[in-house]
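All values derive from a computational prediction rather than experimental measurement.
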Protein chains: 2
Amino acid sequence: MLVDERRHRIAQLVLAHGAMTVAELSRRLGVSAVTIRSDLEALERQGILKRNRGGAVAPQVLRFAPAFQEKTSLHRREKERIADLAAQIVEDGEWIILDAGSTTLFLARRLRDRRLTVLVNSVYALNELVGAPNIELIAIGGSLYEPGLSFVGPLAESFLEGLHVDKAFLGVNGVDLRGISVNNAQEAGIKRRMIDAAEEVIVLADSSKIGVSSFVTIAPLKRVHVLITDSGAPGELLQEFREAGLEVLVA
Amino acid sequence: MLVDERRHRIAQLVLAHGAMTVAELSRRLGVSAVTIRSDLEALERQGILKRNRGGAVAPQVLRFAPAFQEKTSLHRREKERIADLAAQIVEDGEWIILDAGSTTLFLARRLRDRRLTVLVNSVYALNELVGAPNIELIAIGGSLYEPGLSFVGPLAESFLEGLHVDKAFLGVNGVDLRGISVNNAQEAGIKRRMIDAAEEVIVLADSSKIGVSSFVTIAPLKRVHVLITDSGAPGELLQEFREAGLEVLVA
DNA sequence: GTTTGGTTACGAAAGTTTACGTTAGTTTAC
DNA sequence: GTAAACTAACGTAAACTTTCGTAACCAAAC
């Protein structure tokens, strides 16, 4: 097995389970614990996971409190800047969809004092916006997908059927020339519906996700209108995105 | 279990319940009290919770924390007994709807360790059941109605369209011979849909609501199969309910 | 024959528990 | 209503266990 292939599988396992021990990874992949550790170190440097004594945890394994998510989030600074910029392109009175994910959660916080109708797709965002005085808050229902506490499945998808919003803010795991992608099939379906429902699709992705292709491709680049990322993203690639017709904003 | 994993769970437990003792956390997570204390210290440094003698509490009064509802609930004792009885008539493997309301929230807590598919209609119940190992949790989406943090409106109502569940547990404001009633029109619509979707309709109402007629009547008594109340309810009236075909359980 | 990718071996470091003296709340006695 | 007595929780330190990082070594590929 090639190094990159193994590391990809490690990343998948950790992200899918939320956490994995070195011993378990060693057993599953048939390599020594030392090798697993060096893989985890490499993956941690890339911001894909967080190491712990005994193993590694997924950065977005967070449960209940928005505050907790924010504090433990990887690339927090970048995500906050992206959210700042995203908040600026939201106009009062609009109908928007806020997808699940840490960056969109930062965005939610910045919208609390605005006058908007917001459809949210995660328990975190819901909790964050409850009680905001001028926000008409709508929860997208459906089966709860635990890793990100988001709503998925056929019930969630049919909820969005026939709905139209001005803007959809999507979080993804990868953006490259082929399109946007996520690391699980459950969330892929509902994200596709959000794209269908939105006049304008805005993808929020910090630089660790640029040029990366994750497990499931949601949509080709041409379905995306705006990409907001941070200055760590490779300039040449962003230029190629622009040539493909994408509006790219760098926070 | 990895350190971060455990700390996430501690944070979740403390924030979801409002407060937790060291002993209880130690028991639930299977580590010593010393370890819990060091975790609490770390979490306190991050501002996620506040330590105090015996355990830890959520930092500010989180409006959406289920514990807040429970602690401030009127007729708490009665409602807890009603919830105990209601939990007994739920059978493993069933599909049930949990309506919004304080009594149904008490019921939610009693169902955490069961194997069920639960449709919830409030943010409180959602937060309460997140992370329950054998519960397939489905949120009814829709516009958020702030007083009870419940989902209402046409989107919520059409969510339930075509769905069928074994039991629906409803909270109401009044039960008399004319039927069940609530104090606002918004929630009336979604409650009617819950009744339509359920094989068996179970109304949870403490004795202060028996013999009371509130603002909007949801349904006549004959649409209700079971009423669970407490011993403070007037016996003659309960007898009349029984004669009208209702099964009345007194907790 | 050097580079790449991996293993085994082992001392160092970190996390957890047990043990124990101290402290802070609560009850009881006056 | 205060003070003594009691109980439960706390912090610290030592001991134990597990995991980590480093280094020396091995094997296949180029």
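- For D:dG11, one of the phosphate oxygens OP1 or OP2 lies less than 4.0 angstrom from a side-chain nitrogen or oxygen of B:Arg51.
- B:Ser32 and B:Thr35 share a side-chain donor-acceptor pair at under 3.5 Å.
- Contact between the side-chain N/O atoms of A:Thr35 and the OP1/OP2 oxygens of C:dG5 is not found at any separation under 4.0 Å.
- Between B:Leu40 atom CG and D:dC10 atom P the separation is 9 Å, expressed in whole Å.
- Taking a cutoff of 4.0 Å between a charged side-chain nitrogen and a carboxylate oxygen, A:Asp39 and A:Arg7 qualify as a salt bridge.
- Here the P atom of nucleotide C:dG5 and the CD atom of A:Glu41 are 15 Å apart, to the nearest Å.
- Following rounding to the nearest Å, B:Asn52 (CG) and C:dT26 (P) show an atom-to-atom distance of 11 Å.
- With C:dG15, C:dT7, D:dC20 as the choices, the nucleotide that has an atom nearest any side-chain atom of A:Val31 turns out to be C:dT7.
- Following rounding to the nearest Å, B:Arg37 (CZ) and D:dT12 (P) show an atom-to-atom distance of 12 Å.
- Donor-acceptor pairing under 3.5 Å, judged by distance alone, is present between the side chain of A:Arg53 and the base of D:dT18.
- Using a 4.0 Å heavy-atom cutoff across all strands shown, B:Asp39 reaches no nucleic acid atom at all.
- Checking the phosphate oxygens (OP1, OP2) of C:dT16, a side-chain nitrogen or oxygen of B:Arg6 falls inside 4.0 Å.
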*Working for salt bridge (charged side-chain N to carboxylate O under 4.0 Å, His left out), residues B:Glu80 and B:Arg77*: CA-CA 5 Å; B:Glu80 297 224 35; B:Arg77 285 289 163 76; 5.9 Å; no
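- In terms of position on DNA chain D, the residue among B:Val34 and B:Ala23 whose nearest nucleotide sits closer to the 5' end is B:Ala23.
- For the pair B:Glu24 CD and D:dA9 P, the interatomic distance rounds to 12 Å; values are reported in whole Å.
- B:Ser150 and B:Asn121 are not linked by any side-chain donor-acceptor pair at a separation below 3.5 angstrom, with hydrogens and angles left out of the test.
- We find that CD of B:Glu44 is positioned 10 Å from P of D:dG11, with the value rounded to whole Å.
- Here D:dC20 presents its P atom at 11 Å from CG of A:Leu25, a figure rounded to the nearest Å.
- Remark: D:dC26 base-pairs with C:dG5. Criterion, Watson-Crick or G-U wobble with two distances under 3.5 Å.
- Inspection of the B:Glu136 and A:Ser143 side chains reveals an N or O donor paired with an N or O acceptor under 3.5 Å.
- Comparing C:dT7, D:dC20, C:dT18 by their nearest atom to the side chain of B:Ser32 picks out C:dT18.
- Between A:Met20 atom CE and D:dT19 atom C1' the separation is 18 Å, expressed in whole Å.
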